[in-house]
Amino acid sequence: MAPFNFTHFDTSTFILMGIPGLEEAHIWISIPFFAFYIIGLLGNFTLLSLVGKEQTLRKPMYLLLCILALTDIATPTFVVPKVLGIFWFNLKGITVAGCLTQMFFLHTVSVMHSSTLVTMAFDRYVAICNPLRYGTILSNAQIAKLGLAGLIRAVLFILPLPLLLRHQPFCANRIIPHTQCEHIAVVKMVCGDITVTRIYGFVLTFVISGFDLTFIALSYGRIIRAVLRISSKKAHQKALNTCTAHICVMLTYYTPTFFSILTHHFGQGIAPYVHIILADLYLLMPPMLNPIIYGVKTKELRDKAVKYTCLR
């Protein structure tokens, strides 16, 4: 990962401690970390490979799954190699520029992931509420444009975070009791005035989470209303089944996110390693579970996977 060219930085480093309080168990903790990471990579690369090989899967829904898979590959890749370096080889040092670079990419991909879930909710809304216009509203070209818009939004929203922090003086004690350069953890290392940084971080969380969840809620509100108007129970079931996988994916993403935020702000009595483990699960679990959820819940995708498995 090539860091930004932050020429104003001191060349000193931060020290990432891993999981303070569980140092003796780092080797054992690394086993599920590594396993989750590898399973996630295999699942997401398999999904990308299937869509790439099968012409019949090159539809808006599956292109959205590919965008989701790319974010699921990127998210842990920006963190897990460094975490395993800490756990296995005690490589705890990271330059200030490298730390802010990791923070930028980590949060950018997270916002991109959220944007993709919003687009997927809109995709399900159009498929159920306007099926006859689905092809014109959501073509492959439109999905590509929405994906690019989501990426631009993520970069523009997150870029100010490292830019604001790069001008701040960092304390002499540069020990970060964490496995990663999360924004909240890095801000605690600043010895100057962080009012603007804190306000921007708070507003950013509120705007992104508020907008995305509101849009998703509106989409599903309309979907439920449309489904309730259908008289056939079989049609009811079919319509709801098309949303099940997306709902499960949203739960795996937003649930640990909110638990992590709540424990940071209101869980002062909770052991620090709980905060860190929750943050790590937020990075590891969705990328591992998402391809499994869609593989199980999406018949067309499951059939193609079985087809290629049998051919081998």
Donor-acceptor contact below 3.5 Å, side chain R124 vs main chain C243: no
Find the distance between CD1 (I194) and NZ (K188) and round it off to the nearest 0.5 Å. 10.0 Å
Hydrophobic cluster membership, with links at side-chain heavy-atom distances under 4.5 Å among I/L/V/M/F/W/Y: are V249 and F45 in one? yes
Have Y253 and N290 got a donor and an acceptor in their side chains that come within less than 3.5 Å? no
Looking only at side-chain N and O atoms, does Y62 offer a donor or acceptor that is under 3.5 Å from a partner on E300? yes
Taking the side chain as every heavy atom from C-beta outward, state whether V83 and Q180 have any pair of such atoms under 4.5 Å apart. no
Restricting to ring-ring contact (aromatic ring centres under 6.0 Å, His included), what partner residues turn up for F14, sequence neighbours left out? F170
Take L84 and F89 through the side-chain contact (heavy atoms from CB on, under 4.5 Å) test and state the conclusion after the steps. CA-CA 8 Å; L84 294 178; F89 309 110; over 6 Å; no
Grouping ILVMFWY residues whenever side-chain heavy atoms fall under 4.5 Å, the cluster of L148 otherwise contains I152, L156
Is any side-chain heavy atom of R174 closer than 4.5 Å to a side-chain heavy atom of V96? yes
Quick check: is I292 connected to Y282 through a chain of hydrophobic side chains (ILVMFWY, heavy atoms under 4.5 Å apart)? no
Is a donor on one side and an acceptor on the other found under 3.5 Å between the side chain of S139 and the backbone of T136? no
When you compare the side chain of M103 with that of L165, does any pair of heavy atoms fall below 4.5 Å? yes
Check the pair V51, L47 against side-chain contact (heavy atoms from CB on, under 4.5 Å), reporting the backbone distance first and the verdict last. CA-CA 6 Å; V51 176; L47 192 154; 4.2 Å; yes
Restricting to non-hydrogen atoms, name the atom on V79 and the atom on Q102 that form the minimum distance, rounded to 0.1 Å. CA-NE2, 4.0 Å
Does I29 have any side-chain contact (heavy atoms from CB on, under 4.5 Å) partners at least two apart in sequence or in another chain, and if so, which? I19, L22, A25, F33, F87
Can you tell if the side chain of L65 reaches within under 4.5 Å of the side chain of M120, non-hydrogen atoms only? yes
Sub-3.5 Å donor-acceptor pair from the side chain of T101 to the main-chain atoms of A97, do we have one? yes
Does any non-hydrogen side-chain atom of L138 lie less than 4.5 Å from one of L146? yes
What side-chain hydrogen bond (donor to acceptor under 3.5 Å, both in side chains) pairs are there with at least one residue in residues 23-34, not counting sequence neighbours? S30-W88
Less than 4.5 Å apart, any side-chain heavy atom of K92 and any of M17? yes
Which atom pair, heavy atoms only, marks the closest approach of I143 to P60? CG1-CB, 3.6 Å
With distance as the sole criterion, is a donor-acceptor pair present between the side chains of Q168 and D193 under 3.5 Å? no
Closest contact, heavy atoms only, A154 versus T108: CB-O, 3.4 Å
Which residues share a side-chain contact (heavy atoms from CB on, under 4.5 Å) with T214, sequence neighbours left out: L218
Strictly by side-chain hydrogen bond (donor to acceptor under 3.5 Å, both in side chains), give each pair with a member in residues 215-227 just once, sequence neighbours left out. Y220-H246
Output the distance between atom CG (L164) and atom OH (Y200), rounded to the nearest 0.5 Å. 8.0 Å
Please determine whether the number of non-hydrogen atoms from other residues, nucleotides or ligands lying under 6.0 Å from atom CZ of R198 exceeds 12. no
Can you tell me which residue among T205, L106, T197 is in a side chain to side chain contact (heavy atoms under 4.5 Å, CB included) with H183? T197
So the side-chain hydrogen bond (donor to acceptor under 3.5 Å, both in side chains) pairs with at least one residue in residues 31-41 (sequence neighbours excluded) are Y37-T77
Please give me the minimum heavy-atom distance between L57 and L50, naming the atom from each residue. CD1-O, 3.7 Å
Filter on disulfide (SG to SG under 2.5 Å), then keep only pairs touching residues 166-203, sequence neighbours left out; what's left? C99-C181, C171-C191
I'd like to check the disulfide bond (SG atoms under 2.5 Å apart) partners of C129; sequence neighbours left out, ordered by chain and number. none
Just by distance, do the side chain of N140 and the backbone of R58 share a donor-acceptor pair under 3.5 Å? yes
Contacts satisfying salt bridge (charged side-chain N to carboxylate O under 4.0 Å, His left out) that involve residues 62-83 (not counting sequence neighbours) are none
Any side-chain heavy-atom pair of I158 and F105 under 4.5 Å: no
Main-chain N/O of P291 paired with N44 side-chain donor or acceptor, under 3.5 Å: no
Polar side chain donor-acceptor pair, S209 to Y254, under 3.5 angstrom: no
According to a 4.5 Å side-chain heavy-atom criterion applied to Ile, Leu, Val, Met, Phe, Trp and Tyr, with indirect links allowed, do L42 and L68 form part of one hydrophobic cluster? yes
Using the side-chain hydrogen bond (donor to acceptor under 3.5 Å, both in side chains) rule, collect all pairs that involve residues 145-159, keeping only residues at least two apart or in two chains. S115-R153, R153-D212
Do the non-hydrogen side-chain atoms of L91 and I86 ever get within less than 4.5 Å of each other? no
Which residues pass the side-chain contact (heavy atoms from CB on, under 4.5 Å) test with M288, not counting sequence neighbours? F36, I39, M285
